[in-house]
Amino acid sequence: MSSICIIPARGGSKRIPRKNIKEFCGKPIIAYSIEAALGSSIFDEVMVSTDDDEIAEVAQNYGAKVPFMRSAKASDDHATTMDVLAEVLAGYSKLGKNFDQICCLYPCAPFVTPKLLCDCIKTISSNTCDSAMTVCKFPVPIEWAIDISAGMIEFKDESATQIRSQDLQPYYFDVGLFYFAKVDLLLKEDSLTPGKCLPVVISESQVHDIDTIDDWNTAETKYMMLKGIHV
């Protein structure tokens, strides 16, 4: 079964300028995703989809392929990840290359490791499923959610505040690290999680959203602690 890892990395990030190649603990953050994908040895092709020449150069320097640049249509603020993946798959098809399985791995995912990708593949292989996505358990029960209305606290479900956390059903959220799927179903359903989707549960230590500079700084500190890096 042939597989491709697509790392979508456009140049127009707004909240953190040049986010996808900004230095994170000593190297461009996209390098971590590229190295994890290549280090897993489970992909026939590891490529970066970008509209930016500098990102393309960085990606190639770290071993990823950039056989063609992303179109303007798939690079604007309204383009979805599915738009990007469909364009990449169509581009490879024109080159005579087609794949059975796809992994969409985001470029700002320094906590992803080759082992995590390999473990995911093993889990998929041992289960009957069409796709898989990384999820993490909410740190507290969602039934304990609080709304603030007119400056005052309102419990979404006040009765749930009297229930012990261990007696409430755990819920999970999409951590947005990577998605695996069968190519034919992904294109048919126009979805990152087509058919029967398997959850790949990961720990909080492997998760950190990076949307602001504060997020970035916290993620670097967390990464250095996990890796035992001292500065």
Side-chain angles (χ1 to χ4, degrees), residues 1-9 29-49 59 62-67 80-93 95-139 169-210 223 226:
M1 180 177 288
S2 59
S3 60
I4 182 173
C5 177
I6 299 174
I7 302 172
I29 196 167
I30 194 174
Y32 295 90
S33 293
I34 294 171
E35 291 175 344
L38 292 172
S40 71
S41 300
I42 60 175
F43 302 109
D44 298 288
E45 190 95 347
V46 175
M47 72 87 67
V48 168
S49 170
Y62 280 92
K65 295 182 180 179
V66 187
T80 65
T81 298
M82 275 303 308
D83 293 333
V84 175
L85 301 185
E87 180 179 86
V88 169
L89 292 170
Y92 270 101
S93 184
L95 296 176
K97 292 184 178 181
N98 294 288
F99 302 92
D100 302 304
Q101 192 174 59
I102 184 174
C103 171
C104 173
L105 171 60
Y106 285 115
C108 297
F111 297 95
V112 171
T113 63
K115 183 179 185 304
L116 181 57
L117 293 169
C118 289
D119 287 347
C120 183
I121 281 291
K122 290 177 184 176
T123 303
I124 293 172
S125 299
S126 62
N127 288 270
T128 303
C129 65
D130 303 302
S131 59
M133 64 183 283
T134 48
V135 300
C136 183
K137 187 171 74 171
F138 277 102
Q169 176 183 340
Y171 287 92
Y172 300 80
F173 61 94
D174 174 11
V175 299
L177 293 182
F178 58 80
Y179 306 85
F180 279 88
K182 294 177 180 177
V183 169
D184 56 348
L185 279 178
L186 176 129
L187 294 174
K188 180 181 178 181
E189 297 187 17
D190 191 31
S191 169
L192 290 171
T193 56
K196 296 179 180 178
C197 185
L198 184 77
V200 178
V201 182
I202 62 177
S203 68
E204 286 186 65
S205 65
Q206 297 169 293
V207 178
H208 196 92
D209 275 342
I210 304 177
Y223 182 86
L226 286 172

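Residue numbers start at 1 and run along the sequence shown.
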In Å, rounded to the nearest 0.5 Å, how long is the span from CG of Asp184 to CG of Asn98? 11.5 Å
Which value, rounded to the nearest 0.5 Å, describes the distance between Met82 atom CE and Leu186 atom CG? 4.0 Å
Any donor-acceptor pair under 3.5 Å from Gln101 side chain to Met1 backbone: no
Give the minimum heavy-atom separation between Ile6 and Ile102, together with the two atoms involved. CD1-CD1, 3.5 Å
Main-chain N/O of Asp100 paired with Ser2 side-chain donor or acceptor, under 3.5 Å: yes
Do Ile124 and Cys129 come close enough that some side-chain heavy atom pair is under 4.5 Å? yes
Verify side-chain contact (heavy atoms from CB on, under 4.5 Å) between Leu177 and Val200, making sure each step is shown before the conclusion. CA-CA 11 Å; Leu177 293 182; Val200 178; over 6 Å; no
Would Ser3 and Phe99 count as a side-chain contact (heavy atoms from CB on, under 4.5 Å) here? Give the steps. CA-CA 5 Å; Ser3 60; Phe99 302 92; 5.8 Å; no
Between Asp83 and Thr80 (side chain of the first, backbone of the second, donor and acceptor by atom type, cut-off under 3.5 Å), is there such a pair? yes
Flag the pair Tyr172 / Pro199 as yes when at least one side-chain heavy-atom distance between them is below 4.5 Å, and no otherwise. no
side-chain contact (heavy atoms from CB on, under 4.5 Å) assessment of Leu226 paired with Ser205: CA-CA 8 Å; Leu226 286 172; Ser205 65; 4.2 Å; yes
For Lys196, all residues meeting side-chain hydrogen bond (donor to acceptor under 3.5 Å, both in side chains), sequence neighbours excluded: none
Close side-chain approach of Cys136 and Glu204, heavy atoms under 4.5 Å: yes
Within this structure, what is the CD1-OG distance for the pair Ile121 and Ser40, rounded to the nearest 0.5 Å? 8.0 Å
Is Cys197 close to Met133 at the side-chain level, that is, under 4.5 Å between some pair of heavy atoms? yes
Can you tell me if Ser93 uses its side chain to pair, donor with acceptor, with the backbone of Leu89 under 3.5 Å? no
Give the minimum heavy-atom separation between Ile4 and Tyr92, together with the two atoms involved. CD1-CE1, 3.5 Å
What are the two closest heavy atoms between Asp174 and Tyr179, and how far apart are they? OD2-OH, 2.6 Å
Counting the benzene-type ring for Trp, do Phe180 and Phe178 have ring centres under 6.0 Å apart? yes
Spacing of Asp130 atom CG and Glu189 atom CD [to the nearest 0.5 Å]: 7.5 Å
Please report the shortest heavy-atom distance between Leu192 and Ser131, naming the atom on each side. O-CB, 4.3 Å
Over all atoms of both residues, closest heavy-atom pair of Cys120 and Ala132: SG-CB, 4.3 Å
Once rounded to the nearest 0.5 Å, what's the spacing between atom CD1 of Ile30 and atom CD of Glu35? 11.0 Å
Counting only N and O atoms by type, is there a donor-acceptor contact under 3.5 Å from the side chain of Gln206 to the main-chain atoms of Ser203? yes
Parallel, tilted or perpendicular for Tyr223 and Phe111, by the 30°/60° rule? perpendicular
Which heavy atom of Cys104 sits nearest to which heavy atom of Thr81, and what is that distance? SG-CG2, 3.7 Å
